[in-house]
Amino acid sequence: MRKLLVLLAVTRAAAAEPLGEYGDGVYLRTPAQITADPCEVALRFEGAIVDGWYREQLTNTTADSPMGAVEEVTLPAGAVVVGAKLDAQGSVAIPTGYSSEPASDAVGPDPLLVTSLFPDDAGHPRVRLIVAPFARSATVQVHFTAIATVRGGAMRLALPGWSCKRSVTVRPLAGATLAREHDSPTEAVAELAYGRPLVWTQAQVLGDGFTARATTTIAPVAKAPGAKRVLVLVDGSRSMELVGEPAIAQVLKALAAAVPKDAEVQGVIFDRTPGPVLAGMPALEAALHAHVPANGSDPVAAFQLAHNVLASARGEAMIVVISDGAFGSLGDDALSRALDEPESKVDVHAIVLDRGHLTAQSGEPLRLAIAHVGGSYVEVNADDLGGALVEIDSWLRPAVFIGDQPLLAGAGKTEIEIVRDGAKGASPAPIAELALTASNTAEPDPLDEKERPLLERRHPIAGDTFAFSVLATHGTVARARHDAVAGGGPFTRTVLTPDPPFAPEVRIGQAHVLGPSALDKQLLDTLLRLQLQPPAYVCYQKALGKNAKLGGLVGFHLEISRGEVTRATVDGLGDRDFDACLVDAAYRLVPPMPDPAYNTDDRSLVAYPLTFTMHTDKAVIVAGDADSESPLDIDAIKGGVARPPRHVDAGDTSQPLGGMHSTLQPPQP
């Protein structure tokens, strides 16, 4: 077992003050008597599980006047509180809805209470510490645990910007050693040295036949790309307007800095067809700015072009695809067959950009092409690019598969679950609490409605249900009371000075409601009638000039998604120019754009028949139902087509009765 202890001192310029102080006759005020020494944080990486302590010493500068303190502490992202201490006294879990009563000779005052607060704006959890009045000094400690993320071959824990003295202990598990530890006020980083994929399993017995288990899989850091040719394929179809040109340009700038310096870089913008091959990233960025998004996404044609462009490449090449993954219907192996390159010659790296709740619709063909030749697949929200692009170097390295799970080079993933009769043994880090907060990813929750409350009571987490209190250590029944509360007995908090009341925290939540599709049937019917039929009529008029006998039923097959026609085909009449004109007319449709934060992300598959025929020397299109293959024959409808009204001569309108006279007599007086 190898252990490494690294001490870092980041001392605040002056001793901090707690949030407030209170005492006998003092409601709650800005600290005047209580001061705080610089905080201290101890972090222990046990594999990817982090065990942490936050410590702070408080001093009462007026010893003859006891005063209590109120602190608010922000913890690392994803951390859960599992305990607290005041000096050497440990805490027990108590219900958050407690009552209080004055201390007595039998039970002294409880000196510390830790309760949960709303997370801060960055999502870091927060807790409030209420320290009972003390005369000289008190050291408060908060015990927490969290899961470190693994990126770039390093375990990383996001910190809330502490300015504290910090000690970090790192114990990698089997197969890895610690290469270097460094950190900043916002992150603790433990870089690892390992040369093969690793699987770490940690277990902690919960009792009653249950075990909490954490499984961490880590991919090795692959070698940096040595590609001599880099081809960037940018999806320029209309749906990419939802991602936005600034986000695409941001990715291109990051790519320009990440690709090998001596590589020849080329770029192509594709929609329904690929554009010209451009030399250099600046030319690609300029073309992106000038590009007018069009309907249709044909990555197959783009990959076929990539095959031709790289046919003469010597050495290894790299293809980078930037898209939203909305390609319409594609065979799973369509891109692999279109690329038709050996594994040793090219890597494919896909960067899929999401917006709102929209995610890749056609990601599987990309993933299978990458699995076939090697590369990586990254899906990231365009709103979070700022932080994500820091890791773009790992996006351009070959990913690996651990089991059936792909992982980026140097990345890892930790899954926590509760199992019946699981592995025995325990980890020093308290993963039980993490397991009770995490969703069970491997199998349905094995705990029934009775067992879960028992385990949560045994392994509590500060939140809406539990708080942590340091119970009194003096008084005739103090010890018995501690044991009773620790065993789940009733609890009444005893106080020397009543805890200060706090205004309840109120945070207005924003409901995220998904609405209907942006394209309903009525809107679709209108779209086809107004935007497809007129240009189809023009196509027919042009075709009749070459073939006066042309006519019959044409079936349109459309895929519409995210404000664009992703794919359009026709069952035509055998006239190549006429059929191509109809396909062009279908691709000129302009469906409404969805709201990424509201509308359901869907694909509309439309079968729309039109009958083209000559009627009294005039070209006629008979529309069908958008949901059927059968056209509506207007002439066959009972009553036929309305005819012009007949002319009627009204005659002399000055004699509305036509010369007749009324026989009615006026009433007699």
Side-chain angles (χ1 to χ4, degrees), residues 16-36 54 56-73 81 83-118 126-142 460 462-486 488-507:
E17 292 183 347
L19 180 68
E21 64 183 21
Y22 72 99
D24 190 13
V26 178
Y27 166 65
L28 184 63
R29 69 186 185 192
T30 301
Q33 293 181 211
I34 304 296
T35 61
Y54 177 96
E56 193 158 31
Q57 183 170 347
L58 305 175
T59 301
N60 185 352
T61 58
T62 309
D64 58 348
S65 176
M67 194 67 66
V70 176
E71 282 270 39
E72 290 184 3
V73 176
V81 177
K85 285 185 177 183
L86 184 70
D87 298 325
Q89 304 173 63
S91 62
V92 297
I94 62 168
T96 54
Y98 62 87
S99 60
S100 64
E101 64 181 18
S104 66
D105 292 338
V107 180
D110 297 331
L112 175 65
L113 178 68
V114 179
T115 61
S116 180
L117 300 174
F118 280 130
R126 296 186 304 131
V127 292
R128 174 182 288 146
L129 316 180
I130 304 175
V131 183
F134 58 93
R136 295 186 180 277
S137 66
T139 300
V140 293
Q141 303 181 69
V142 179
D464 295 336
T465 306
F466 292 108
F468 288 96
S469 180
V470 173
L471 301 186
T473 57
H474 62 276
T476 56
V477 296
R479 180 61 180 270
R481 176 170 173 264
H482 183 284
D483 293 343
V485 172
F491 169 77
T492 300
R493 178 169 165 80
T494 62
V495 294
L496 184 63
T497 301
D499 294 333
F502 299 96
E505 283 197 324
V506 178
R507 177 166 295 185

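One is the number of the first residue; the rest follow in order along the sequence. Keep in mind that this is a model prediction, so the values were computed, not measured.
Closest approach of Phe468 to Ser91, counting heavy atoms only: CD2-OG, 3.7 Å. Between Leu58 and Ala69, the shortest heavy-atom contact is CD1-CB, 3.8 Å. For the residue pair Val114 and Ala467, the shortest heavy atom distance occurs at O-CB, 3.2 Å. Closest heavy-atom contact between Gly90 and Lys85: CA-CG, 4.0 Å. Shortest non-hydrogen contact noted between Pro109 and Ala103 is N-CB, 3.6 Å. Nearest heavy atom pair, residue Gly23 against residue Met67, reads N-SD, 3.5 Å.
Between Val131 and the options Leu112, Leu113, Val470, a side chain to side chain contact (heavy atoms under 4.5 Å, CB included) holds for only Leu112.
Contacts of Arg29 classified as salt bridge (Lys or Arg N to Asp or Glu O under 4.0 Å), with partners at least two apart in sequence or in another chain: Glu21.
Here the CZ-CG distance, from Arg136 to Asp64, works out to 9.5 Å after rounding to the nearest 0.5 Å. Considering OG1 of Thr35 and CG of Asn60, their distance stands at 8.5 Å, rounded to 0.5 Å. Atom OG1 of Thr139 sits about 4.0 Å away from atom CD of Gln57, to the nearest 0.5 Å.
Contact annotation: the side chain of Leu129 never approaches that of Glu56 to less than 4.5 Å [non-hydrogen atoms, C-beta and beyond]. Ile130 places a side-chain heavy atom less than 4.5 Å from the side chain of Tyr22. Annotation: side chain of Thr497 is not in contact with side chain of Val495 (no heavy-atom distance under 4.5 Å). Counting heavy atoms from C-beta on, the side chains of Val127 and Tyr54 never come closer than 4.5 Å. The shortest side-chain heavy-atom distance between Leu86 and Phe134 does not fall under the 4.5 Å cut-off. Counting heavy atoms from C-beta on, the side chains of Val70 and Pro500 come closer than 4.5 Å. Taking 4.5 Å as the limit, some side-chain heavy atom of Tyr27 sits within range of a side-chain heavy atom of Pro501.
The stretch residues 92-106 participates, sequence neighbours left out, in no side chain to side chain donor-acceptor pair (under 3.5 Å) pair at all.
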- Query: Under the side chain to side chain contact (heavy atoms under 4.5 Å, CB included) criterion, do Val26 and Asp24 qualify, and how do the steps go?
  - Reply: CA-CA 5 Å; Val26 178; Asp24 190 13; over 6 Å; no
- Asp110 and Arg481: salt bridge (Lys or Arg N to Asp or Glu O under 4.0 Å), yes or no, with the steps? CA-CA 11 Å; Asp110 297 331; Arg481 176 170 173 264; 2.9 Å; yes
- Phe491 and Leu471: side chain to side chain contact (heavy atoms under 4.5 Å, CB included), yes or no, with the steps? CA-CA 10 Å; Phe491 169 77; Leu471 301 186; 3.4 Å; yes
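Listed for the Arg128 side chain is no donor-acceptor partner under 3.5 Å among the backbone atoms of Glu72.
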